[in-house]
Every structure is written in C-alpha cells, then in structure tokens.
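Values below: every heavy atom of this structure, side chains too, minus hydrogens, waters and symmetry copies. Sequence lines set the chain letters: A, B, ... in the order given, protein chains first and strands last, and positions in each chain run from 1.
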Number of protein chains: 2
Amino acid sequence: MDIKTLCLGILSLGDATGYEIKKMVAEGSFSFFSEASFGSIYPALTKLTDEGFITCRSETQSNRPDKKIYSLTKLGVKELEGTLEKSPKPDKNRSEFLAALLFAEAISPNRIQNLVDERIEYHANQIKVLEDLLSEKPTGASKFVIEYGLEMQRAAAKFLQENSKSLTD
Amino acid sequence: MDIKTLCLGILSLGDATGYEIKKMVAEGSFSFFSEASFGSIYPALTKLTDEGFITCRSETQSNRPDKKIYSLTKLGVKELEGTLEKSPKPDKNRSEFLAALLFAEAISPNRIQNLVDERIEYHANQIKVLEDLLSEKPTGASKFVIEYGLEMQRAAAKFLQENSKSLTD
DNA sequence: AATTACATGTAATCCGTTACATGATTGA
DNA sequence: TCAATCATGTAACGGATTACATGTAATT
C-alpha cells in the first residue's frame, strides 16, 4: 500500500493534519502494518490535494506553522473505494530474527539460545503495547486489528517457548 | 537486513550462484521473511567479492553465461559473526489486508465479508506452500522456521474464523 | 508455438528515509 | 537545562525494483 492510499484511508476515518497522520502511523493500530515519515506524508498530501482527492483548510496558530487540516472529497472517497475493490497484496513479513536463526546455526550456534531469549522478551513487549491500545476501548475494525495483532504475538511467543529446545540440541 | 548480509548468510549454508540465491529467496524458507531481485543480488555479490568477504570461481558452460559460484571467505565468516552478534531489528509486518479492513469499515462496509473470505483462502494457500516445504524433510533451523511460519498462518486463519463476525454486525 | 528454466548483468526509475531548516512551549 | 511535543516543508541520498539486453534448451 502506497503512502497516498494510506493517507486517503486515514482521512476516511476523520479529518486530520499531516502531523496527526504521522502520529497515527507511528503509534496507533496502524503502526503494526505500516510506516511513513514526514518526508513522504507531506508531499503525498500536497499531491492528493492537487488531484482533488482531498481538500485543505488552514487554522492559524500563534508561534507555530498554521495547522493544515485535510478532508476527503467525494472524488477521494471514490478513489479509495476503487482501491478497496482490488484484492490486497500478500503480506510482507520481514523478520531479521528468523534470518539470524538460520544463519547462526552454521556460524555461531552458541548465539541461538540468546537470540531466542531476546525474542521472547520482544514478544512480551509487543504484547504490552497492544494491551495498552486495547485498554483504550477501541471498537469495530480497530479493535479487531489490535486483537489480531495480539493473537499473532501470543502465538509466536507460545511457539518459541514450546519449540526452541529443538534448535539447541 | 540488507541484501549483502542476506547473501553472506545464504552462502554460509553452502556455495551458490547468484541465480540460486535468487531462487532460494523467491521460493525457499527465506521467501517468508525476505525478498530480493537480480538487480540487487548481482551487484551485492560483486561488492562482497571486492571487499574480500566472498570469492568467486567460474564454471564454463556451453550455450549460456558462465556459472559464477561464490564461497564465503574467513573474513566473510567474521563479518557475518559480527552482524549476528547485534540484536535483530524488530519485525516489519505489512499487511494490506488489515489496512483494507480499517478503511473498508467507513467506505464500503459490504466489502468486509468479502475481504475476510478472500483472506481465509489466502491463508489456506500459504499453509499448503509451507506444508510442501515441510514434506521435503528439512532439519534444524530450517525446519524450525517453516514450522514457525505454519503456526503463524494457522493462528491467523483461526482468529479470522472465530472473530470475523464481530466485524460484520 | 509459447512459456519456463537456465544464467548474468546494467540502466532507468521509483519510493522512501534521513537530515536539514525554523522555532515556541511544556514537562522532567 | 534538556528533551519532547507541536507543526510544516525541502533536498540529498540510498536502496531496491523494473525493464532492458542476450541467448539456449526443455517442456507444455
């Protein structure tokens, strides 16, 4: 999913500024399947405005740049609908941990137990973050996505705990 | 993980040509956490050779370009060891499916059931692919990684089946 | 007859990050 | 006092994909 679609989608949930979009992508339920920096979000919003998919109104502020609040237009809704009709692309899961396991086997076998231990802690952290998000009582798809993430983290942690000994002996 | 490290790691499992590395990354147990195209693999191998981390011997073939078989050097082993000492970076999981769910809720709610159905089929396919890999009787970390992937796919499919109704009502 | 597998490599292009530029306010 | 939050935006740079270039042999 490109950043323009991501912005369109986030704006479908409500008006927002570029700064707010960045925050949602960095911290909210989006953070588990997407990333984006200011350097890509701001230009995307400008382009989407030029294309007529969103509009922008400015809110004057003292001591800092004007807030630019973006809203979806009817054309933008159509565009997003069109995108949603297409089948989502397969997931991209990139795990340095799994790669490290494969390579450590030959190169430094004594590192493996260590990698697994670190990983279990990693999952514990991820679970904590997701539980915090859940405690804010999200509803609908948002809740579903967070619970999905939680389930995946728990399944991964469980698998590690039950099977890691097969790696070290 | 950058492509140079990926090549180094794959070569730690045994000598290989660029073409073979590409195949492993596209089809083997690597395909579930990494990607790379010829356009990045060939230049990476050239660079690694220049840096002394791998060596290259050519095998003449009739009717097609010489096979260039790469091997890790001692320096390359050290380099890989150094990389493995560092903690792996957090996973990157990008799922257009999850994003589509969040956005479809507002824009085309009647698409949701459809998305979920497609997704269940997607998992079924992934499971088939992984089971095929398992049927080749891998061992060690390779087996572990494939079983890990299987477990994740099954957990995802199960979650969907048990919770998707909360999305549509 | 057409596609896939084999086998390597370069160039154009895209997409995105990082760093830079600017600057006030609030909390630790 | 130092970091973080708020707020936008551009330019340099990097990393990787796609398409191009070349050509045989086996399979469908």
Query raised in the report: So, are A:Arg111 and B:Glu81 salt-bridged, with charged N and O less than 4.0 Å apart?
Result: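 A salt bridge is absent here (no side-chain N lies under 4.0 Å from a carboxylate O).
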
Report task. Look only at the side chain of A:Lys165 and the backbone of A:Glu162, and say whether a donor-acceptor pair between them is shorter than 3.5 Å. Result -> yes

Query raised in the report: Is a donor on one side and an acceptor on the other found under 3.5 Å between the side chain of B:Gln153 and the backbone of B:Gln126?
Result: no

Query raised in the report: Picking from A:Val77, A:Leu80, A:Leu48, A:Leu72, what satisfies side-chain contact (heavy atoms from CB on, under 4.5 Å) with A:Leu11?
Result: A:Leu72

Report task. Can you measure from NZ (B:Lys158) to CD (B:Glu151) and round to the nearest 0.5 angstrom? Result -> 9.5 Å

Query raised in the report: Hey, what do you get for OG (A:Ser164) to CD1 (A:Ile112), rounding to the nearest 0.5 Å?
Result: 10.5 Å

Query raised in the report: What does the inter-axis angle of the helix from C:dA1-D:dT28 to C:dA28-D:dT1 come out as, five pairs per end, nearest 10 degrees?
Result: 50°

Report task. Give the first and the last nucleotide of DNA chain C, reading 5' to 3', that has any atom under 4.0 Å from a heavy atom of chain A. Result ->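 In short, chain A contacts DNA chain C from C:dG16 to C:dT25.
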
Query - Residue pairs, two or more places apart or on separate chains, that pass ring pair (Phe, Tyr, Trp, His ring centres under 6.0 Å) and touch residues 110-147 of chain B - result: A:Phe159-B:Phe144

Requested in this report: Sequence neighbours left out, what pairs pass ring pair (Phe, Tyr, Trp, His ring centres under 6.0 Å) with at least one residue falling in residues 48-94 of chain B?
Outcome: none

Requested in this report: Could you name each residue pair satisfying side chain to side chain donor-acceptor pair (under 3.5 Å) that touches residues 86-99 of chain B, not counting sequence neighbours?
Outcome: A:Asp91-B:Ser95, A:Ser95-B:Asp91, A:Glu118-B:Ser87, A:Arg119-B:Asp91

Report summary line: Here the residues of residues 38-59 of chain B within 4.0 Å heavy-atom distance, strictly under, of DNA chain D are B:Gly39, B:Ser40

Query raised in the report: Where along residues 61-70 of chain B does a heavy atom come under 4.0 Å from DNA chain D, residue by residue in number order?
Result: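 Listed by number, they are B:Asn63, B:Arg64.
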
Who passes side-chain contact (heavy atoms from CB on, under 4.5 Å) against [X], sequence neighbours left out?
X: A:Ser37; value: A:Ser40
X: A:Thr46; value: A:Asp50
X: A:Glu59; value: A:Lys67, A:Ile69

Query raised in the report: Linking I/L/V/M/F/W/Y whenever their side-chain heavy atoms sit closer than 4.5 Å, directly or via other members, would B:Ile54 and B:Phe38 fall into one cluster?
Result: no

Report task. Treat each ILVMFWY residue as a node, draw an edge where side-chain heavy atoms are under 4.5 Å apart, and state whether A:Met1 and B:Leu115 are in one component. Result ->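 As far as the 4.5 Å side-chain criterion goes, B:Leu115 and A:Met1 are connected within one cluster.
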
Report task. Assign each of A:Gly18 and B:Lys4 to its nearest nucleotide of DNA chain D by heavy atoms, then name whichever residue's nucleotide is nearer the 5' end. Result -> A:Gly18

Report summary line: Under a 4.0 Å heavy-atom cutoff, the residues of residues 19-28 of chain B touching DNA chain C are B:Tyr19, B:Lys23

**Report entry** Results of salt bridge (Lys or Arg N to Asp or Glu O under 4.0 Å) for B:Glu121 - residues two or more places apart only
**Finding:**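 B:Glu121 satisfies salt bridge (Lys or Arg N to Asp or Glu O under 4.0 Å) with no residue once adjacent residues are dropped.
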
